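Working notes, structure below.
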There are 2 protein chains.
Amino acid sequence: MTDRATSVDVARAAGVSQSTVSRALSDDKRISEETKKKIRKAAERLGYTPNEIARSLQTNKTNMIGLIMADIQNPFYPTVLEVYTQKLHSMGKRLLLLSVPRGFEVDDVLPSMLQHQVDGLVVTSAVVSSKLHKILKVHKTRTVLLNRSVDDFSLNSVCCENTTASIEVASFLVREGHRRMALIGGRPDTSTHRERHQGFQSELNRHGLDIVDEEYGGNTYEGGYQAALRLFSKDIPPDAIFCISDVMALGALDALRYELKLRVPEDVSIVGFDDIPAASWPSYNLTTVRQPVEAMVGRSLAILFDPEDYPPVSIKVPGELIIRGSVKTGAT
Amino acid sequence: MTDRATSVDVARAAGVSQSTVSRALSDDKRISEETKKKIRKAAERLGYTPNEIARSLQTNKTNMIGLIMADIQNPFYPTVLEVYTQKLHSMGKRLLLLSVPRGFEVDDVLPSMLQHQVDGLVVTSAVVSSKLHKILKVHKTRTVLLNRSVDDFSLNSVCCENTTASIEVASFLVREGHRRMALIGGRPDTSTHRERHQGFQSELNRHGLDIVDEEYGGNTYEGGYQAALRLFSKDIPPDAIFCISDVMALGALDALRYELKLRVPEDVSIVGFDDIPAASWPSYNLTTVRQPVEAMVGRSLAILFDPEDYPPVSIKVPGELIIRGSVKTGAT
DNA sequence: TTGAAAGCGCTAACAT
DNA sequence: ATGTTAGCGCTTTCAA
């Protein structure tokens, strides 16, 4: 096997010019069917495939979009990833994936992505630092945050309607007779956390209640487990826990059942957020808020590729409260 | 914001030639410190970043490796993905990710990856068709299969020592007094399935036993759930089930406990394969074989990047039986 | 120690 | 309907 064939090789083999090859293979209307056929045959015979890199250099488009994912171990993200790769593939585009190692920030890995000249960039579940902000401003790469937003609307973002959904959770818990609500947050410095916290709290307030206790679990199973333990090491335990993400809810649930020997939902109610696959497994049967992944991913790609020159937009897609068995009902 | 700065802009700004800029920024020893400093300053001021695409075209190296993943929803893969992105990032390389949509085969998405001129290719958990084989032969892109192998050694592969590990599982079950062993497979047409099946069976045979029943679960939770149900719809149920992957084991476990009201391990023992995070959660507490992801990924990258001109190799990395609570012990 | 110039494999404007 | 030519932004001889 010698070197990869180029369009020049095909041209030679077909007895035409190189530009004719280029046109024929992109199905230019001006090339006769006859020549096209000849060229296609030659290309096939030589195993020729266009070199995307050369094409990119010329067209200034790589057909790659970058995805920076900070929290790949959260079971919520495989679905996100799959939806992205598939939607992109059907658009003839590819996904350049970067995950942010523990202990690093997005800013640390971003430059390498930008050098590859991605046509667009999606940043998900990351803390948006001011440095990140700056880098993104200098490079003109179109960017959208998924599952994060920034207060000043300086960056495109697509999120679930966190506030509304959390209000619904609070309202549901109150309606079902809960009074001592605790919250297990992820990271206090993320917009998702702030919005879910705020929505939850405001609705409790409306009912003359408040969040009685609060812990952080870093959006991991283990973190949720430990946070639940801490919640119950205090004087008066909560009668319901709102976990800002499903993984933490699973950890909390297991801590309560297996370590503290409490029953869910008889002794404590738990609500999650995301609706990851495990939430519906009978071992957990978790009441939670479903994030509309398809829609969110779709909107984010629309922002990146739509011709209109969007000013930064902040899109909120409604979530859906999925009632399963982890909340005690009927009490009053 | 005008267009992105190029090395020509930097050259002009620093009052040197473009080639000097190129050399200075790659820290060529022949350029004086003085000039380097001047150039670096200019580059910084203009927000210049080298264009990887142009560089790739010239050097014939993209610093991207492609990963084709057929089964991204299997909880085993997020870890694989994370290990890849991080190892690659520390090598100054990037990951181009493609997932294979349901109903498609690897061959359908492969060409798009090859056009992007990836420096190497990892294909994981895929059925290796003869068409795939052919494509890979024509393009000289170095390829390695992860978690799959081919019988004729025509493709590099890195796998867990499936046979040995499955022998150990069988031996363990027999030792603990089980006699009626069933198996829940993934897909019969994969090497992983064949190896695990074969190892398990051969060891049972050595003890005068055999696999009493067999079902397939397609490596999904739901598939494992249904497969377990099928296993128990027959006359004489098994007293132990070896599930070829953890997700299926979780599904099987839930089916047994919640649908059939059986106790695990008192009534039935279950063993999985992979050691996904959920396997260690107290709700499942699954005895399983741990796949050494770090090592496997490391070996696969070594094959892609090592200077030696490997002939196709088939590397087997040992797994480790992790004994938890899903197997009844002590009986004889 | 630096500069000039060629060329990687394409696309696209400009001939014809 | 097809060919010629000029780049895209780099790296890398070859000269000086």
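Chain letters run A, B, ... following the sequence lines, proteins first and then strands; every chain starts at 1. Everything quoted here is computed from the prediction, not taken from an experiment.
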In whole angstrom, give the distance that lies between atom [atom1] of [X] and atom [atom2] of [N].
| X | N | atom1 | atom2 | result |
| --- | --- | --- | --- | --- |
| A:Glu33 | D:dA1 | CD | C1' | 13 Å |
| A:Ile53 | D:dT11 | CD1 | C1' | 15 Å |
| A:Glu34 | D:dA1 | CD | P | 12 Å |
| B:Glu52 | D:dC8 | CD | P | 19 Å |
| A:Asp28 | C:dC10 | CG | P | 17 Å |
| B:Gln117 | C:dC10 | CD | P | 8 Å |
| B:Asp27 | D:dT11 | CG | C1' | 16 Å |
| A:Asn60 | C:dC10 | CG | P | 18 Å |

Between [X] and [Y], is there a donor-acceptor pair closer than 3.5 Å when you use the side chain of the first and the backbone of the second?
| X | Y | value |
| --- | --- | --- |
| A:Thr62 | A:Gln117 | yes |
| A:Thr6 | A:Arg4 | no |
| B:Lys41 | B:Ala14 | no |
| A:Asn156 | A:Thr143 | yes |

Next item on the list: Respond yes when some side-chain nitrogen or oxygen of A:Thr6 is under 4.0 Å from OP1 or OP2 of C:dG9, and no when none is.
Entry: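 No, no such contact exists.
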
Item checked: Under 4.0 angstrom between B:Ser7 side-chain N/O and D:dC10 OP1 or OP2 ->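 Yes.
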
Got a list of side-chain donor-acceptor pairs under 3.5 Å for residues 93-100 of chain A, not counting sequence neighbours?
| unit_1 | atom_1 | unit_2 | atom_2 | d |
| --- | --- | --- | --- | --- |
| A:Lys93 | NZ | A:Asn63 | OD1 | 3.3 |
| A:Arg94 | NH2 | A:Gly92 | O | 2.9 |
| A:Ser99 | OG | B:Thr85 | OG1 | 2.6 |

Separation of [Y] [atom2] from [X] [atom1] (nearest 0.5 Å):
| X | Y | atom1 | atom2 | value |
| --- | --- | --- | --- | --- |
| A:Asp306 | A:Arg299 | CG | CZ | 10.0 Å |
| A:Thr190 | A:Glu195 | OG1 | CD | 9.0 Å |
| B:Lys316 | B:Met296 | NZ | CE | 9.5 Å |

Next item on the list: Have a look at the helix from C:dT1-D:dA16 to C:dT16-D:dA1 and give the angle its two end axes make, five pairs each, rounded to 10 degrees.
Entry: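 Terminal axis comparison yields 40°.
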
Next item on the list: Could you tell me which residues satisfy salt bridge (charged side-chain N to carboxylate O under 4.0 Å, His left out) with B:Lys87, sequence neighbours excluded, listed by chain and number?
Entry: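 Salt bridge (charged side-chain N to carboxylate O under 4.0 Å, His left out) check on B:Lys87 returns B:Glu294.
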
Checklist line | B:Leu57 vs B:Ser32, nearer the 5' end of DNA chain C by closest nucleotide | finding: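 Mapping each residue to its closest nucleotide by heavy atoms, the 5'-most match is B:Ser32.
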
Under 3.5 Å donor-acceptor pairs involving side-chain atoms of residues 122-131 of chain B, not counting sequence neighbours:
| unit_1 | atom_1 | unit_2 | atom_2 | d |
| --- | --- | --- | --- | --- |
| B:Thr124 | OG1 | B:Leu146 | O | 3.2 |
| B:Ser129 | OG | B:Asp107 | OD1 | 3.3 |
| B:Ser129 | OG | B:Asp107 | OD2 | 2.8 |
| B:Ser129 | OG | B:Lys131 | N | 3.4 |
| B:Ser129 | OG | B:Leu132 | N | 3.0 |

Next item on the list: Begin from the C-alpha positions of B:Thr141 and B:Met113 and carry the test side-chain contact (heavy atoms from CB on, under 4.5 Å) through to its verdict.
Entry: CA-CA 10 Å; B:Thr141 310; B:Met113 189 124 264; over 6 Å; no

Close N/O contacts between protein and nucleotides 12-16 of chain D (under 3.5 Å):
| unit_1 | atom_1 | unit_2 | atom_2 | d |
| --- | --- | --- | --- | --- |
| D:dT13 | O4 | B:Arg23 | NH2 | 2.7 |

Next item on the list: For B:Val8, report the nucleic acid contact type (base, sugar-phosphate, nothing); a contact means any heavy atom under 4.0 Å.
Entry: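 Touches nothing.
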
Next item on the list: Start with the C-alpha gap between A:Asn219 and A:Phe76, add the side-chain angles, then the distance that decides, and say whether side-chain contact (heavy atoms from CB on, under 4.5 Å) holds.
Entry: CA-CA 10 Å; A:Asn219 290 317; A:Phe76 175 62; over 6 Å; no

Margin query: Give the residues of residues 35-49 of chain B touching DNA chain C, defined as any heavy atom closer than 4.0 Å, sorted by residue number.
Written below: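 Hits under 4.0 Å, by residue number: B:Thr35.
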
